[in-house]
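Structure record follows, encoded as C-alpha cells.
Everything numeric in this text was worked out from a predicted model, so none of it was measured.
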Amino acid sequence: MSFSPGFTCGLSAETKEKARVELNEDPLTRHAKIQLLRDRMVFRPDLPFRKTDEKYLLRFLRARKFDEERAFQLLCAHIEFKRGNRDLFDGLCLENLRHVLEEGFPGVLESRDFNGSRVLVLFPGRWATEMFSFKEIIKALVFTMEELIAEEETQVNGIIAIVDFTDWSLTKHARYISIRELRNVIKIFQECFPARVKAIHLVNQPWYIHVAVKALTPFLKTKIGDRLLLHGNNLTSLHMFIHPDLLPAEFGGNKPEYDKLSWLRTVMAKNSFQHTCATMAAVAEQLNGHLKKIERES
C-alpha cells in the first residue's frame, strides 16, 4: 500500500466513493500520483514550486481527475497566473479584504446544493464603486476561491456560481472594469485555479450581457462555455438546476434574502478556529520540549 504518513483524507464515505467513480481517485495510488507531480517539477526550473505538500498538490489532481499530466499543467498555470498578477495576491488576507467581503463581494451560501457543490453568489449591481475598485473585488474572489478549494469536499463536489445582474448599469458599473480585469476573472474560473466549476448561472442580465457573452465565447473553453447558463428573469429555469429550498429570495428561493455578512462570518470563524489550533499546537510543542529537557537533566 502506498500512503503518506503526514496526510489523512478528510472526505466523507459518500464523497470518497464519488471521488473514486468520477475522479479516478484511489487511496492505494494517491501518494504515488502526487509524487509524479513532484517529479515533473524538475522540468520547469523557471517556476517557483514553493508548496509541494500532499494536501496542496492533491487539489490539482482532483481538479483534473487524477490525470497527472493535466494536473501538472494546471499547477504550472496557477503559478504563472500568480507570478503574472502579483498585485492580486499581495496582501491577500482577511484583514485587507474585510471591507469588500462585508459588502457581500463575493458571497457563499451556507448550504451546499444537493450534489454537494458550494454555491458562490455575486450581485454586481450592488457594487458601490466609490467604496472599492473592481480589482479589490477580484482579490476578494481569489481569496474566496482559495478558501473554498482548501475544502476537500469542495475539491470533489465542485463550485457553482450565480451572478445576479439586477440594477447593473453600463455607466454606473461596467465603465470601471478593464479588459485585463475581465480576462483575469475568466482565467480564475476557467484555467488557473484547481476548482471543479460545475456551472455559472447568470440571472436578471440585461440584453447587452448576452452580446458580451457571445463576444467572449471564442475565448472560453468548450466545457466552461457549455456550463455558462443565461436565465434572464426566468428563475424557474434556475430552479431546474438548484432547488428553491436552497436559494435565497433574490433567486426565487424559499430562504430569506441573502445575508451579505454570512460568508465573512464563516471565514472569520474558520480563521479563529485555525488560529486556536495553531496556538494549541505551539503550546503543546513547547511543553513537549520542556518535558524532554527535564528528562535529560534528571
> Are Phe123 and Phe251 near enough that their ring centres are under 6.0 Å apart?
Replying inline: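 Between Phe251 and Phe123, which both carry aromatic rings, the centre distance is below 6.0 Å.
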> Are Phe60 and His78 near enough that their ring centres are under 6.0 Å apart?
Replying inline: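 Ring centroids of Phe60 and His78 are less than 6.0 Å from each other.
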Keeping the roles fixed (side chain from [X], backbone from [Y]), state whether a donor-acceptor pair exists under 3.5 Å.
X      : Y      : answer
Arg86  : Arg83  : yes
Lys18  : Asn115 : yes
Glu68  : Leu37  : no
Glu152 : Cys9   : no
Ser178 : Glu181 : yes
Arg175 : Leu170 : no
Ser117 : Asn157 : yes
Arg118 : Val108 : no
Gln190 : Lys221 : yes

Could [X] and [Y] be called an ion pair, given the rule that one side-chain N must be under 4.0 Å from one carboxylate O?
X      : Y      : answer
Glu25  : Arg30  : yes
Lys255 : Glu110 : no
Asp259 : Arg265 : yes
Glu136 : Lys139 : no

> Mind checking whether His173 and Trp168 have parallel, tilted or perpendicular rings, split at 30° and 60°?
Replying inline: parallel
> Hey, what's the ring geometry for Phe72 with Phe49, parallel, tilted or perpendicular (30° and 60° as the breaks)?
Replying inline: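 Rings of Phe72 and Phe49: parallel, under 30°.
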> Who are the side-chain contact (heavy atoms from CB on, under 4.5 Å) partners of Asp67, not counting sequence neighbours?
Replying inline: Glu69, Arg70
> Excluding sequence neighbours, so at least two apart, what forms side-chain contact (heavy atoms from CB on, under 4.5 Å) with Lys187?
Replying inline: Phe81, Arg183, Asn184, Glu191, Cys192
>> Quick check: is Phe114 connected to Ile242 through a chain of hydrophobic side chains (ILVMFWY, heavy atoms under 4.5 Å apart)?
In response: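 Yes: a chain of side-chain contacts under 4.5 Å links Ile242 to Phe114.
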> Is any side-chain heavy atom of Leu11 less than 4.5 Å from a side-chain heavy atom of Arg62?
Replying inline: yes
> Looking only at heavy atoms, which two atoms of Tyr258 and Gly107 are closest? And how far apart?
Replying inline: OH-CA, 3.1 Å
> Taking everything shown except Asp53 itself, do over 12 heavy atoms lie less than 6.0 Å from its CG?
Replying inline: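 It does: Asp53 CG has more than 12 such atoms within range.
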>> For the residue pair Asp164 / Thr166, report whether a side-chain donor-acceptor contact shorter than 3.5 Å exists.
In response: yes
